[in-house]
There are 2 protein chains.
Amino acid sequence: MNIGDVAERSGLPAKTIRYYEDIGLVKPLRSANGYRSFRDRDVHKLAFLGRARALGFSIEDCRNLLKLYEDDDRTSSEVKQIAEVQLDRIDRKIAELTEMRATLAHLVDACAGDHRPDCPILADLAAKEEEIALLNEAG
Amino acid sequence: MNIGDVAERSGLPAKTIRYYEDIGLVKPLRSANGYRSFRDRDVHKLAFLGRARALGFSIEDCRNLLKLYEDDDRTSSEVKQIAEVQLDRIDRKIAELTEMRATLAHLVDACAGDHRPDCPILADLAAKEEEIALLNEAG
DNA sequence: GATAGGGGTTCCACCTGATGGAAGGTCAAT
DNA sequence: ATTGACCTTCCATCAGGTGGAACCCCTATC
(Lines give C-alpha, C1' and ligand atoms only; values in the text may rest on other atoms or scores of the structure.)
Protein backbone atom coordinates (compact mmCIF):
# COMPACT_ATOMS: atom_id res chain seq x y z
CA MET A 1 0.00 0.00 0.00
CA ASN A 2 1.29 3.46 -0.88
CA ILE A 3 1.63 6.29 1.57
CA GLY A 4 -1.47 8.13 0.36
CA ASP A 5 -3.77 5.22 1.10
CA VAL A 6 -2.07 4.64 4.42
CA ALA A 7 -2.56 8.28 5.29
CA GLU A 8 -6.23 8.00 4.59
CA ARG A 9 -6.62 4.75 6.52
CA SER A 10 -4.57 5.72 9.51
CA GLY A 11 -5.80 9.27 9.64
CA LEU A 12 -2.23 10.57 9.74
CA PRO A 13 -0.84 13.03 7.16
CA ALA A 14 1.67 11.52 4.75
CA LYS A 15 4.27 13.94 6.05
CA THR A 16 3.80 12.64 9.54
CA ILE A 17 4.09 9.05 8.38
CA ARG A 18 7.39 9.81 6.67
CA TYR A 19 8.51 11.51 9.82
CA TYR A 20 7.55 8.46 11.87
CA GLU A 21 9.62 6.31 9.54
CA ASP A 22 12.46 8.77 9.94
CA ILE A 23 12.48 8.37 13.70
CA GLY A 24 12.12 4.61 13.45
CA LEU A 25 8.54 4.09 14.56
CA VAL A 26 7.56 2.24 11.39
CA LYS A 27 9.70 0.45 8.85
CA PRO A 28 7.75 0.09 5.62
CA LEU A 29 9.23 -1.92 2.76
CA ARG A 30 10.16 -0.29 -0.52
CA SER A 31 8.76 -1.08 -3.95
CA ALA A 32 11.00 -1.32 -6.99
CA ASN A 33 10.18 2.28 -7.88
CA GLY A 34 11.35 3.51 -4.51
CA TYR A 35 7.86 4.11 -3.14
CA ARG A 36 7.21 3.08 0.43
CA SER A 37 5.24 -0.13 0.59
CA PHE A 38 3.20 -0.49 3.76
CA ARG A 39 2.04 -3.85 5.07
CA ASP A 40 -1.06 -4.25 7.19
CA ARG A 41 0.98 -4.29 10.35
CA ASP A 42 2.55 -0.96 9.40
CA VAL A 43 -0.90 0.51 8.96
CA HIS A 44 -1.94 -0.99 12.30
CA LYS A 45 1.07 0.53 13.97
CA LEU A 46 0.36 3.94 12.50
CA ALA A 47 -3.25 3.88 13.62
CA PHE A 48 -2.02 2.80 17.05
CA LEU A 49 0.38 5.72 17.07
CA GLY A 50 -2.35 8.13 16.06
CA ARG A 51 -4.50 7.01 18.95
CA ALA A 52 -1.68 7.10 21.45
CA ARG A 53 -0.64 10.58 20.33
CA ALA A 54 -4.25 11.71 20.64
CA LEU A 55 -4.08 10.68 24.29
CA GLY A 56 -1.08 12.91 24.66
CA PHE A 57 1.58 10.23 24.92
CA SER A 58 4.99 11.46 23.88
CA ILE A 59 6.76 9.89 20.94
CA GLU A 60 9.03 8.07 23.37
CA ASP A 61 6.00 6.75 25.24
CA CYS A 62 4.57 5.67 21.92
CA ARG A 63 7.75 3.85 21.10
CA ASN A 64 7.55 1.99 24.37
CA LEU A 65 3.85 1.27 24.09
CA LEU A 66 4.39 -0.08 20.60
CA LYS A 67 7.16 -2.32 21.86
CA LEU A 68 4.91 -3.63 24.61
CA TYR A 69 2.07 -4.03 22.15
CA GLU A 70 4.24 -6.29 20.05
CA ASP A 71 5.72 -8.16 22.98
CA ASP A 72 3.69 -11.21 23.98
CA ASP A 73 5.64 -11.44 27.22
CA ARG A 74 4.69 -7.97 28.39
CA THR A 75 2.86 -7.49 31.65
CA SER A 76 -0.12 -5.18 31.88
CA SER A 77 1.58 -3.44 34.78
CA GLU A 78 4.28 -2.17 32.44
CA VAL A 79 1.64 -0.61 30.24
CA LYS A 80 -0.36 0.72 33.14
CA GLN A 81 2.65 2.40 34.60
CA ILE A 82 3.27 4.37 31.42
CA ALA A 83 -0.39 5.34 31.29
CA GLU A 84 -0.43 6.41 34.92
CA VAL A 85 2.54 8.67 34.44
CA GLN A 86 0.78 10.22 31.46
CA LEU A 87 -2.43 10.61 33.44
CA ASP A 88 -0.44 12.41 36.05
CA ARG A 89 1.13 14.70 33.48
CA ILE A 90 -2.32 15.53 32.16
CA ASP A 91 -3.58 16.26 35.65
CA ARG A 92 -0.73 18.60 36.35
CA LYS A 93 -1.23 20.34 33.03
CA ILE A 94 -4.93 20.76 33.72
CA ALA A 95 -4.19 22.15 37.17
CA GLU A 96 -1.71 24.61 35.72
CA LEU A 97 -4.13 25.77 33.04
CA THR A 98 -6.97 26.02 35.51
CA GLU A 99 -4.92 28.33 37.64
CA MET A 100 -3.95 30.44 34.63
CA ARG A 101 -7.55 30.55 33.61
CA ALA A 102 -8.70 31.74 37.01
CA THR A 103 -6.17 34.55 37.13
CA LEU A 104 -6.81 35.63 33.58
CA ALA A 105 -10.59 35.42 33.87
CA HIS A 106 -10.41 37.59 36.95
CA LEU A 107 -8.37 40.19 35.10
CA VAL A 108 -10.54 40.13 32.00
CA ASP A 109 -13.53 40.58 34.23
CA ALA A 110 -12.01 43.59 35.94
CA CYS A 111 -11.12 45.27 32.65
CA ALA A 112 -13.65 47.72 31.31
CA GLY A 113 -12.60 47.10 27.72
CA ASP A 114 -13.48 50.59 26.63
CA HIS A 115 -11.76 53.52 25.00
CA ARG A 116 -9.85 54.55 28.11
CA PRO A 117 -6.24 53.50 28.72
CA ASP A 118 -6.70 52.32 32.32
CA CYS A 119 -6.38 48.58 32.35
CA PRO A 120 -6.22 46.18 35.30
CA ILE A 121 -4.70 43.53 33.06
CA LEU A 122 -1.65 45.61 32.25
CA ALA A 123 -1.60 46.89 35.80
CA ASP A 124 -1.39 43.36 37.09
CA LEU A 125 1.30 42.30 34.67
CA ALA A 126 3.30 45.34 35.66
CA ALA A 127 2.51 45.33 39.36
CA LYS A 128 4.24 42.09 40.09
CA GLU A 129 7.54 43.79 39.52
CA GLU A 130 6.92 45.67 42.68
CA GLU A 131 6.17 42.48 44.49
CA ILE A 132 9.45 41.14 43.29
CA ALA A 133 11.14 44.34 44.40
CA LEU A 134 9.54 43.98 47.81
CA LEU A 135 10.64 40.37 47.98
CA ASN A 136 14.14 41.46 47.11
CA GLU A 137 14.14 44.16 49.75
CA ALA A 138 12.84 41.71 52.29
CA GLY A 139 15.35 39.04 51.27
CA MET B 1 22.81 46.19 35.94
CA ASN B 2 24.38 42.98 34.64
CA ILE B 3 22.44 40.06 33.34
CA GLY B 4 22.94 37.93 36.46
CA ASP B 5 21.30 40.45 38.73
CA VAL B 6 18.51 40.99 36.26
CA ALA B 7 17.94 37.26 36.07
CA GLU B 8 17.58 37.14 39.82
CA ARG B 9 15.29 40.16 39.98
CA SER B 10 13.07 39.23 37.08
CA GLY B 11 13.00 35.55 37.85
CA LEU B 12 14.02 34.70 34.30
CA PRO B 13 17.09 32.63 33.44
CA ALA B 14 19.93 34.63 31.89
CA LYS B 15 19.67 32.46 28.79
CA THR B 16 16.07 33.44 28.38
CA ILE B 17 16.87 37.10 28.80
CA ARG B 18 19.49 36.89 26.07
CA TYR B 19 16.95 35.12 23.92
CA TYR B 20 14.41 37.88 24.56
CA GLU B 21 16.96 40.43 23.47
CA ASP B 22 17.64 38.32 20.39
CA ILE B 23 14.02 38.43 19.34
CA GLY B 24 13.77 42.11 20.14
CA LEU B 25 11.66 42.11 23.28
CA VAL B 26 14.22 44.04 25.29
CA LYS B 27 17.06 46.26 24.15
CA PRO B 28 19.55 46.64 26.97
CA LEU B 29 22.49 49.01 26.57
CA ARG B 30 26.06 47.77 26.46
CA SER B 31 28.84 48.64 28.85
CA ALA B 32 32.35 49.42 27.62
CA ASN B 33 33.39 45.84 28.28
CA GLY B 34 30.59 44.48 26.07
CA TYR B 35 28.41 43.37 28.97
CA ARG B 36 24.69 44.02 28.66
CA SER B 37 23.66 46.93 30.83
CA PHE B 38 20.04 46.80 31.91
CA ARG B 39 18.12 49.88 32.97
CA ASP B 40 15.22 49.73 35.37
CA ARG B 41 12.73 49.79 32.54
CA ASP B 42 14.42 46.76 30.98
CA VAL B 43 14.07 44.91 34.23
CA HIS B 44 10.44 46.01 34.45
CA LYS B 45 9.81 44.77 30.96
CA LEU B 46 11.37 41.42 31.69
CA ALA B 47 9.31 40.96 34.82
CA PHE B 48 6.25 41.92 32.80
CA LEU B 49 7.20 39.32 30.22
CA GLY B 50 7.68 36.68 32.85
CA ARG B 51 4.20 37.32 34.19
CA ALA B 52 2.60 37.39 30.78
CA ARG B 53 4.31 34.15 29.78
CA ALA B 54 3.14 32.60 33.05
CA LEU B 55 -0.41 33.36 31.94
CA GLY B 56 0.31 31.48 28.76
CA PHE B 57 0.50 34.42 26.40
CA SER B 58 2.56 33.70 23.31
CA ILE B 59 5.68 35.70 22.60
CA GLU B 60 3.79 37.60 19.93
CA ASP B 61 1.03 38.40 22.41
CA CYS B 62 3.70 39.53 24.82
CA ARG B 63 5.17 41.79 22.20
CA ASN B 64 1.77 43.37 21.66
CA LEU B 65 0.97 43.64 25.34
CA LEU B 66 4.29 45.30 25.94
CA LYS B 67 3.63 47.76 23.16
CA LEU B 68 0.24 48.59 24.65
CA TYR B 69 1.77 48.83 28.09
CA GLU B 70 4.14 51.49 26.83
CA ASP B 71 1.54 53.29 24.79
CA ASP B 72 -0.30 55.98 26.72
CA ASP B 73 -2.89 56.22 23.98
CA ARG B 74 -3.91 52.57 24.22
CA THR B 75 -7.48 51.64 24.97
CA SER B 76 -8.26 48.98 27.52
CA SER B 77 -10.39 47.25 24.92
CA GLU B 78 -7.27 46.49 22.89
CA VAL B 79 -5.73 44.78 25.87
CA LYS B 80 -8.91 43.02 26.84
CA GLN B 81 -9.30 41.60 23.38
CA ILE B 82 -5.88 39.95 23.51
CA ALA B 83 -6.66 38.58 26.94
CA GLU B 84 -10.02 37.23 25.86
CA VAL B 85 -8.52 35.37 22.95
CA GLN B 86 -5.98 33.86 25.31
CA LEU B 87 -8.69 32.93 27.78
CA ASP B 88 -10.45 31.16 25.00
CA ARG B 89 -7.31 29.28 24.02
CA ILE B 90 -6.90 28.16 27.60
CA ASP B 91 -10.49 27.02 27.77
CA ARG B 92 -10.11 24.96 24.63
CA LYS B 93 -6.88 23.46 25.88
CA ILE B 94 -8.48 22.54 29.19
CA ALA B 95 -11.43 20.96 27.38
CA GLU B 96 -9.07 18.94 25.21
CA LEU B 97 -7.05 17.75 28.17
CA THR B 98 -10.13 16.96 30.17
CA GLU B 99 -11.34 14.70 27.42
CA MET B 100 -7.96 13.00 27.16
CA ARG B 101 -7.96 12.57 30.89
CA ALA B 102 -11.38 10.96 30.92
CA THR B 103 -10.45 8.44 28.26
CA LEU B 104 -7.11 7.63 29.77
CA ALA B 105 -8.45 7.41 33.32
CA HIS B 106 -11.07 4.98 32.12
CA LEU B 107 -8.43 2.80 30.49
CA VAL B 108 -6.08 2.92 33.45
CA ASP B 109 -8.97 1.97 35.64
CA ALA B 110 -9.80 -1.01 33.49
CA CYS B 111 -6.24 -2.28 33.44
CA ALA B 112 -5.34 -4.86 36.07
CA GLY B 113 -1.72 -3.79 36.13
CA ASP B 114 -0.50 -7.24 37.00
CA HIS B 115 1.91 -9.83 35.60
CA ARG B 116 -0.42 -10.92 32.80
CA PRO B 117 -0.17 -9.55 29.27
CA ASP B 118 -3.86 -8.77 28.78
CA CYS B 119 -4.26 -5.03 28.77
CA PRO B 120 -7.32 -2.93 27.96
CA ILE B 121 -5.08 0.06 27.32
CA LEU B 122 -3.22 -1.61 24.49
CA ALA B 123 -6.45 -3.22 23.34
CA ASP B 124 -8.05 0.18 23.05
CA LEU B 125 -5.12 1.74 21.23
CA ALA B 126 -5.15 -1.18 18.81
CA ALA B 127 -8.90 -1.59 18.52
CA LYS B 128 -9.47 1.71 16.87
CA GLU B 129 -7.76 0.37 13.79
CA GLU B 130 -10.74 -1.87 13.35
CA GLU B 131 -13.09 1.02 13.77
CA ILE B 132 -11.18 2.80 11.05
CA ALA B 133 -11.36 -0.32 8.92
CA LEU B 134 -15.09 -0.47 9.49
CA LEU B 135 -15.42 3.17 8.62
CA ASN B 136 -13.49 2.54 5.45
CA GLU B 137 -15.66 -0.42 4.53
CA ALA B 138 -18.76 1.62 5.20
CA GLY B 139 -17.40 4.57 3.24
C1' DG C 1 52.84 38.53 38.06
C1' DA C 2 50.34 34.24 37.94
C1' DT C 3 46.34 32.04 38.86
C1' DA C 4 41.72 30.80 40.29
C1' DG C 5 36.94 31.85 40.51
C1' DG C 6 32.89 33.63 39.00
C1' DG C 7 31.05 36.66 36.13
C1' DG C 8 30.18 37.80 31.14
C1' DT C 9 30.22 37.11 25.61
C1' DT C 10 29.07 34.69 21.02
C1' DC C 11 27.73 30.93 18.30
C1' DC C 12 25.96 26.62 17.13
C1' DA C 13 23.39 22.53 18.17
C1' DC C 14 19.52 20.36 20.13
C1' DC C 15 14.84 19.58 22.06
C1' DT C 16 9.43 18.14 20.53
C1' DG C 17 6.55 17.01 16.81
C1' DA C 18 5.80 17.93 13.12
C1' DT C 19 4.83 21.00 8.64
C1' DG C 20 5.86 23.67 4.15
C1' DG C 21 7.96 23.79 0.00
C1' DA C 22 11.24 23.08 -3.78
C1' DA C 23 13.11 20.03 -7.21
C1' DG C 24 12.53 16.09 -9.33
C1' DG C 25 11.06 10.80 -10.36
C1' DT C 26 6.82 7.64 -11.57
C1' DC C 27 2.63 6.15 -13.33
C1' DA C 28 -1.92 5.80 -15.54
C1' DA C 29 -4.77 7.92 -18.75
C1' DT C 30 -5.55 10.56 -22.64
C1' DA D 1 3.64 13.13 -25.69
C1' DT D 2 1.80 15.30 -22.14
C1' DT D 3 -1.04 16.16 -18.27
C1' DG D 4 -2.00 15.43 -13.43
C1' DA D 5 -1.78 12.97 -9.41
C1' DC D 6 1.20 10.50 -7.06
C1' DC D 7 5.66 9.67 -4.96
C1' DT D 8 10.76 10.78 -3.56
C1' DT D 9 14.47 13.48 -0.90
C1' DC D 10 16.20 17.36 1.35
C1' DC D 11 16.22 21.63 3.65
C1' DA D 12 13.94 25.21 6.26
C1' DT D 13 10.76 26.71 9.65
C1' DC D 14 7.67 26.98 13.73
C1' DA D 15 7.64 27.93 19.45
C1' DG D 16 10.33 28.86 23.18
C1' DG D 17 13.81 28.14 24.77
C1' DT D 18 18.15 25.13 26.75
C1' DG D 19 23.02 23.16 26.76
C1' DG D 20 27.57 23.53 25.88
C1' DA D 21 31.98 25.02 23.87
C1' DA D 22 35.36 28.48 23.46
C1' DC D 23 36.65 32.57 24.87
C1' DC D 24 36.86 37.44 27.42
C1' DC D 25 36.70 40.20 31.90
C1' DC D 26 37.37 41.40 36.61
C1' DT D 27 38.70 40.83 41.25
C1' DA D 28 41.11 38.64 44.85
C1' DT D 29 44.66 36.09 46.58
C1' DC D 30 49.33 34.35 46.91
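We name chains A, B, ... by the order of the sequence lines, and we start the count at 1 in each one.
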Subject >> Gap between atoms CD and C1', on A:Glu21 and C:dA18 respectively (whole Å) >> reply: 15 Å
Original post:
In whole angstroms, how far is the C1' atom of D:dT18 from the OH atom of B:Tyr20?
Top reply: 12 Å
Counting only side-chain N and O atoms of [X], is one of them less than 4.0 Å from OP1 or OP2 of [N]?
X       : N      : value
A:Arg53 : C:dA18 : yes
B:Thr16 : D:dG16 : no
A:Ser58 : C:dG17 : no
B:Arg18 : C:dT10 : no

Original post:
Residues from residues 26-38 of chain B sitting under 4.0 Å of DNA chain C, heavy atoms only?
Top reply: B:Arg30, B:Gly34, B:Tyr35, B:Arg36
Subject >> Members of residues 86-95 of chain A that approach DNA chain C, where some heavy atom sits under 4.0 Å away >> reply: none
Original post:
Salt bridge or not for B:Asp22 and B:Arg18, using N-O below 4.0 Å?
Top reply: no
Original post:
Under a 4.0 Å N-O cut-off, is there an ion pair linking A:Lys67 with A:Glu60?
Top reply: no
Subject >> A:Pro13 side chain, from C-beta outward: closest of C:dT19, C:dG17, D:dG16 >> reply: C:dT19
**OP:** Confirm from the modelled atom types if A:Lys15 and C:dG17 form a donor-acceptor pair under 3.5 Å, side chain to base only.
**Re:** no
Original post:
Hey, are B:Ser77 and A:Asp114 close enough side-chain-wise for a donor-acceptor pair under 3.5 Å?
Top reply: no
Original post:
With a 4.5 Å heavy-atom cut-off, do A:Arg101 and B:Ile94 have their side chains touching?
Top reply: yes
Original post:
Which comes earlier along DNA chain C counting from the 5' end, the contact point of B:Ile3 or that of A:Ile59, where each point is its nearest nucleotide?
Top reply: B:Ile3
